Colleague: 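The structure that follows is given in the form of structure tokens.
All values below were derived from every heavy atom in this structure, side-chain atoms included, with hydrogens, water molecules and symmetry-related copies excluded. This is a predicted model, so every value here is computed, not measured.
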Amino acid sequence: MSFWSRLFGGGGSSAEPEAEVETYKDFSLRPEPMPEGGQFRLAGTISKGEKNHKLIRADLFPDKDQCNAAFSRKARQVIDEQGERLFNQ
């Protein structure tokens with residue numbers, strides 16, 4: 001890759017693939033771990049139709065896969081507890 005391509009972001013994408021979207025009780029769960037100090041903060045989006053709720057927690061994980069699994073568990077818990085009320089906040 002040439003100097004100019006590296007400088008201006010040309011060439012192939014080095015971004016990691018996004019985590020798979022999971023469906024639970026007609027809700028879509030999209031983990032979006034936030035890098036922070038060499039770890040990952042639990043974060044993601046819970047969606048149903050056009051409605052979205054951003055879930056961000058204080059929990060930190062050393063591994064992105066662990067963070068994604070924890071998001072899935074927490075999102076399911078929130079859906080079980082709040083259901084559609086999740087979007088009325």
Colleague: Before giving the answer on salt bridge (charged side-chain N to carboxylate O under 4.0 Å, His left out), spell out for Lys54 and Glu32 the whole-Å C-alpha distance, their side-chain angles and the decisive distance to 0.1 Å.
Modeller: CA-CA 10 Å; Lys54 187 75 170 175; Glu32 300 164 350; 2.2 Å; yes

Colleague: Within the 3.5 Å criterion, strictly below it, is a donor on Ser47 or Asn52 matched to an acceptor on the partner's side chain?
Modeller: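 There is such a pair (donor and acceptor under 3.5 Å, judged by atom type) between the side chains of Ser47 and Asn52.
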
Colleague: Let me check something: do Leu60 and Phe71 share a hydrophobic cluster, defined by ILVMFWY side-chain heavy atoms less than 4.5 Å apart, either directly or through other members?
Modeller: no

Colleague: Not counting sequence neighbours, which residues clear salt bridge (charged side-chain N to carboxylate O under 4.0 Å, His left out) with Asp80? List them please.
Modeller: Lys25

Colleague: Tell me whether Arg41 contacts the main-chain N or O of Ile56 through its side chain, where contact means a donor paired with an acceptor under 3.5 Å.
Modeller: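 No; zero donor-acceptor contacts below 3.5 Å.
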
Colleague: Could you report the tightest heavy-atom contact between Ile46 and Phe87, atom names first, then the distance?
Modeller: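 What the structure gives for the nearest pair is O-CE2, 3.7 Å.
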
Colleague: Walk me through whether His53 and Thr45 qualify under side-chain contact (heavy atoms from CB on, under 4.5 Å).
Modeller: CA-CA 6 Å; His53 177 79; Thr45 302; over 6 Å; no

Colleague: Side-chain heavy atoms under 4.5 angstrom apart, residues restricted to Ile, Leu, Val, Met, Phe, Trp, Tyr: same cluster for Val78 and Tyr24?
Modeller: yes

Colleague: Quick one: do Phe61 and Leu42 satisfy side-chain contact (heavy atoms from CB on, under 4.5 Å)? Show the steps, please.
Modeller: CA-CA 8 Å; Phe61 297 87; Leu42 189 150; 4.0 Å; yes

Colleague: Using the test side-chain hydrogen bond (donor to acceptor under 3.5 Å, both in side chains), find all partners of Lys51 that sit at least two apart in sequence or belong to another chain.
Modeller: none

Colleague: For the pair Lys74 and Gln77, evaluate side-chain contact (heavy atoms from CB on, under 4.5 Å) and give the outcome as yes or no after the intermediate values.
Modeller: CA-CA 5 Å; Lys74 187 60 180 176; Gln77 179 184 356; 3.4 Å; yes

Colleague: Please lay out, stage by stage, how Glu20 and Asn68 fare under the test side-chain contact (heavy atoms from CB on, under 4.5 Å).
Modeller: CA-CA 10 Å; Glu20 265 189 49; Asn68 289 345; over 6 Å; no

Colleague: Are a donor atom and an acceptor atom from the side chains of Ser28 and Glu22 found within less than 3.5 Å of each other?
Modeller: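 Not at all, the side chains of Ser28 and Glu22 share no donor-acceptor pair under 3.5 Å.
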
Colleague: Identify the heavy atoms of Pro33 and Pro35 that sit nearest to each other, and give their distance.
Modeller: O-CD, 3.6 Å

